Amino acid sequence: MHLEIQTAPRSGTTQRVALFGRLDTHSYPQLDAELAPVLDGGDPPVMSLVLDLAGLNYISSAGIRSIFKARKALTARNGKLLVVNPQPQIQKVFDVVKAVPMSDIFTSVAEADAYLDMVQRKVVSGDEDE
Amino acid sequence: MHLEIQTAPRSGTTQRVALFGRLDTHSYPQLDAELAPVLDGGDPPVMSLVLDLAGLNYISSAGIRSIFKARKALTARNGKLLVVNPQPQIQKVFDVVKAVPMSDIFTSVAEADAYLDMVQRKVVSGDEDE
Amino acid sequence: MDISLSVPAERERLDDLTVAIAAVMERHAIAQPVIDDVVLIAEEVVCNAADYGFDAGQEREIVVAIRAAEAALHLQFRDNGRPFDPLAQPAPDLDADIDERPVGGLGVHLVRQLARRVDYVRDGAYNVLDVTLDLTPSETGDAP
Amino acid sequence: MDISLSVPAERERLDDLTVAIAAVMERHAIAQPVIDDVVLIAEEVVCNAADYGFDAGQEREIVVAIRAAEAALHLQFRDNGRPFDPLAQPAPDLDADIDERPVGGLGVHLVRQLARRVDYVRDGAYNVLDVTLDLTPSETGDAP
Ligand SMILES: Nc1ncnc2c1ncn2[C@@H]1O[C@H](COP(=O)(O)OP(=O)(O)O)[C@@H](O)[C@H]1O
Ligand SMILES: Nc1ncnc2c1ncn2[C@@H]1O[C@H](COP(=O)(O)OP(=O)(O)O)[C@@H](O)[C@H]1O
């Protein structure tokens, strides 16, 4: 009845993880454990983590802390954490604590994928802004 | 979400009433009000009241009191109160307070009807025990 | 499970109490018949306190504590109403002719019969009623 | 709605509290977003008390009282932990570079932001935190 985590097969340097249920003070260690190998890297390391939150009903500051930690680990190696389809309660909490920049929140997996493709093309063609 | 009462069209001197939900300290006045005209009589008066409890999930002493009152009103004019299909919680409470004699509890409406038919035939043919 | 709930001792507050108690027991996978018994006991005790326990205008409070331990569920009711020992009440005469019996007086009897054990003490300004019910061994009372 | 619930101030007891609170609010037809906010606030306050509020071995208790009145829901948390005034905490710097911000320190901020109003007093041995939330007019808080 608490948190369920579905980790998709890795696709290139992109990893999709879907969360269902409640990410709170009881369940955040489960997410930390599931994300540890993803954040540790691999060869080549995961550069984009897409968190699909369509099935997540509730988040508290303990859950925010886990997502924040994941985001830091990724940005430290110039990677990205994208969030897809947060439900209203989740979006509200994200807004209050500014957990994820607005530009990293998408309303569908397809939209996030399109964004990642675009970034990828920029990197390959060498015309990335920074 | 509380008590629902379905009073069937009267059939001869038999009245069937089905209860759904909870018969407790909040809802017993509803049953008292619904049964008042039935117990008042009519011409000819109701002689058999069949309470169908298949849909009743919960009863407390306040509900027992209502059923007890109805039973008294009927037996005062040689009528009968039969109970059909009490669920386990109801049966347990009935047992603890001996609310209705075992012989007046039936496992289906058909069984109660058959019993009433039999009593009726006895009355008509004049060979009733008492 | 170790929670206590308090409401004004009024009939209108009964359902808040029982809904909350039932939700906690469901979380701990307590069997439905036990939940039904607890709700029934709470209804009988709270309604009696509300109906008979207080003078008009008196501040009325009732607290229910629930604790599961071993194969037992412990309920404690505590109210600040007039002293009333339900265990001192005569049992109703259930073997009397059913048509002669009074229609009421069954609440206290129900509580005593459904419980494994009931104890009463007057503790200062409080009636304290301890009610113990059986749990089947699978109902741990310790949900994750 | 006028109920208070008390549990030992331990993380393991949090869900008994929130499940019971949610059940009572559902009965009063309180909107789901308000229930979510109340559960979140309870989680933040109870976990903070459990994590930071007590010395090892100290008896730890936390009480939540809920009352609905007019267009507001009033929560009161009362614990016997060390004095802690959440309103005296500096707000986190949310406008700092997101990659430089600390990962924690958001619980108290969330509580303050979700509530219409928060008041704190130390009352003898107790921290008393009053939290008021908005109800939409259709949420009467007075179920039948
Ligand atoms: N809390 C109480 N304080 C004072 N008197 C009580 C209390 N509870 C019960 N009584 C008395 O005990 C009697 C029996 O109660 P009960 O068995 O619940 O049946 P009923 O409420 O139908 O009379 C009541 O009629 C009342 O006189
Ligand atoms: N009940 C409490 N008693 C003592 N200190 C507390 C209490 N609650 C919070 N604190 C302190 O306030 C800080 C901020 O709490 P909070 O905003 O919930 O974030 P976090 O728990 O992630 O640190 C905590 O790190 C702690 O030092």
Side-chain angles (χ1 to χ4, degrees), chain C residues 1-30 32 35-36 38-39 42-43 46-47 49-50 54 59-69 73-80 126 128 135 139-144, chain D residues 1-30 32 35-36 38-39 42-43 46-47 49-50 54 59-69 73-80 126 128 135 139-144:
Chain C
M1 190 161 40
D2 182 3
I3 187 166
S4 88
L5 306 98
S6 166
V7 292
E10 297 160 2
R11 290 169 158 270
E12 296 70 34
R13 312 299 180 162
L14 171 66
D15 284 2
D16 283 351
L17 203 62
T18 53
V19 156
I21 292 174
V24 175
M25 288 190 289
E26 275 160 27
R27 179 174 121 68
H28 288 271
I30 306 277
Q32 192 59 43
I35 298 181
D36 286 341
V38 170
V39 168
E43 175 175 334
V46 173
C47 287
F54 295 88
E59 255 234 59
R60 19 177 89 206
E61 200 201 353
I62 189 157
V63 184
V64 189
I66 313 188
R67 216 160 34 79
L73 193 72
H74 298 279
L75 302 178
Q76 184 178 83
F77 297 89
R78 174 181 277 263
D79 72 69
N80 63 330
Y126 294 92
V128 180
L135 285 179
E139 299 156 348
T140 66
D142 254 320
Chain D
M1 191 162 37
D2 182 4
I3 187 166
S4 88
L5 306 97
S6 165
V7 292
E10 296 160 3
R11 289 169 160 270
E12 296 69 35
R13 311 300 180 161
L14 171 66
D15 285 1
D16 282 350
L17 204 61
T18 54
V19 156
I21 292 173
V24 174
M25 288 190 291
E26 276 161 26
R27 179 175 121 69
H28 288 270
I30 306 278
Q32 192 59 45
I35 298 182
D36 286 342
V38 170
V39 168
E43 175 176 333
V46 173
C47 286
F54 295 87
E59 253 233 60
R60 19 178 87 207
E61 199 199 355
I62 189 157
V63 185
V64 189
I66 313 187
R67 213 161 35 79
L73 193 72
H74 298 280
L75 301 179
Q76 183 178 83
F77 296 89
R78 174 180 277 264
D79 71 68
N80 63 330
Y126 295 91
V128 180
L135 285 180
E139 299 156 346
T140 67
D142 253 320

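Predicted, not measured: the structure shown is a model, and the values here were computed from it.
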Report summary line: Smallest heavy-atom separation, D:R27 atom then C:D15 atom, equals CZ-CB, 3.4 Å
Query raised in the report: Got more than 12 heavy atoms from elsewhere within 6.0 Å of CZ, C:F54?
Result: yes
Report task. Would you give the length of the straight line joining atom CG of D:L5 to atom CG of C:D16, rounded to the nearest 0.5 angstrom? Result -> 10.0 Å
**Report entry** Which of D:I3, D:L17, D:V7 touches chain C most, by non-hydrogen pairs under 4.5 Å
**Finding:** D:I3
Report summary line: Contacts of D:R11 meeting side-chain hydrogen bond (donor to acceptor under 3.5 Å, both in side chains) (sequence neighbours excluded), chain-then-number -> A:T25, D:D51
Requested in this report: Applying side-chain hydrogen bond (donor to acceptor under 3.5 Å, both in side chains), name anything that partners D:S4, two or more places apart in sequence or on another chain.
Outcome: none
Query - Candidate list D:E10, D:E12, D:R13, test side chain to side chain contact (heavy atoms under 4.5 Å, CB included), partner C:D2, passing option - result: D:R13
Query raised in the report: With a 4.5 Å heavy-atom cut-off, do D:E26 and C:V19 have their side chains touching?
Result: no
